[in-house]
Amino acid sequence: MSKFLVINGPNLNRLGVREPDVYGRESLSTIETNVQCLANKHGIEVKCVQSNYEGVIIDWIHEADTDFDGIVINPGAFTHYSYAIRDAIASISIPVIEVHISNVHKREEFRHQSVTAPVTAGQIVGLGLYGYELAIHALLQLRGSGK
Ligand code: DQA
């Protein structure tokens with residue numbers, strides 16, 4: 001059975017109250033519930049975690065290489081400058097899909113660059129909460145079995 005890890009980075013615990021015009025009114029727990037429902041439908045296992053700390057996220061990425069079959073990650077603002085998270089992703093061999101709720105390309109210039117995307121299998125941007133579900137589908141496809 002496939003096991004995927006969904007990692008949300010800094011400030012994503014504030015979804016629902018944080019800049020609702022940008023990120024909408026749904027909370028992180030809604031995202032996690034949607035992802036769990038999708039996982040149940042596909043008979044796979046998904047674990048969802050969130051941290052505001054770079055080192056914690058790096059440890060999760062390292063551990064996932066042996067414990068999981070793929071990662072969905074929204075690194076939040078770390079996307080734009082964390083070479084440490086980029087190197088952690090580059091150090092593992094399971095596929096990683098990067099997700100952004102907002103369309104970062106329509107926003108401030110500093111958000112246009114992702115230092116992490118070049119070491120991921122792909123990036124999903126601007127599709128709101130649905131991006132996480134698309135990312136799970138993408139991981140299933142990459143696994144090749146659909147399960
Ligand atoms: C974000 C975009 C980032 O620029 C921002 O710092 C976030 C959320 C997104 O999901 O749209 O925290 O990753």
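What's counted below: heavy atoms across the whole structure, side chains too, no hydrogens, waters or symmetry copies. Counting starts at 1 for both ligands and their atoms, following the listed order. Along the sequence shown, residues are numbered consecutively beginning with 1. Given the structure is predicted, the values throughout are model-derived calculations rather than measurements.
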Identify, by atom number and element, the atoms of ligand 1 in contact range of His80, meaning under 4.0 Å from any of its heavy atoms. 3 (C), 4 (O)

Has ligand 1 got any nitrogen or oxygen that is less than 3.5 angstrom from a nitrogen or oxygen of Leu12? no

Give a yes or no on whether the ring-centroid distance for His137 and His42 is below 6.0 angstrom. yes

Between Tyr132 and Asn8, is the side-chain hydrogen bond (donor to acceptor under 3.5 Å, both in side chains) condition met? List the steps. CA-CA 10 Å; Tyr132 291 87; Asn8 276 288; 2.5 Å; yes

Please determine whether side-chain hydrogen bond (donor to acceptor under 3.5 Å, both in side chains) holds for the pair Thr30 and Ser27, giving the CA-CA distance in whole Å, both sets of side-chain angles, and the decisive distance to 0.1 Å. CA-CA 5 Å; Thr30 301; Ser27 65; 3.3 Å; yes

Could you establish whether Thr79 and ligand 1 come within less than 4.0 Å of each other, counting only heavy atoms on the residue side? no

Relative to ligand 1, is Arg18 under 4.0 angstrom through side chain, backbone, both or neither, heavy atoms considered? side chain

Less than 4.5 Å apart, any side-chain heavy atom of Leu12 and any of Ile101? yes

Any heavy atom of Tyr23 closer to ligand 1 than 4.0 angstrom? yes

Side chain to side chain, Ile57 and Ile7, heavy atoms closer than 4.5 Å: yes

Can you confirm whether Gln113 sits close enough to His80 that some side-chain heavy atom of one is under 4.5 Å from a side-chain heavy atom of the other? no

Side chain, backbone, both or neither: the part of His100 lying under 4.0 Å from ligand 1 by heavy atom: both

For atom 11 (O) of ligand 1, find the nearest protein heavy atom and state the residue, atom name and distance (0.1 Å precision). Ser102 OG, 2.6 Å

Please work out, at 4.0 Å between heavy atoms, whether the side chain, the backbone, both, or neither of Val104 comes within that distance of ligand 1. side chain

Can Asn11 be said to touch ligand 1, with heavy atoms closer than 4.0 Å? no

Can Lys3 and Asp67 be counted as an ion pair, charged N to O under 4.0 angstrom? no

Heavy atom of the protein closest to atom 5 (C) of ligand 1 (residue, atom name, distance): Arg111 NH1, 3.3 Å

Listed once per pair and sorted, the side chain to side chain donor-acceptor pair (under 3.5 Å) pairs that draw on residues 82-101, sequence neighbours left out: Glu54-Ser82, Asp65-Ser93, Glu98-His100, Glu98-Ser114, Glu98-Thr116, Glu98-Gln123

As an exercise, identify every atom of ligand 1 less than 4.0 angstrom from a heavy atom of Ile101. 9 (C), 10 (O), 11 (O)

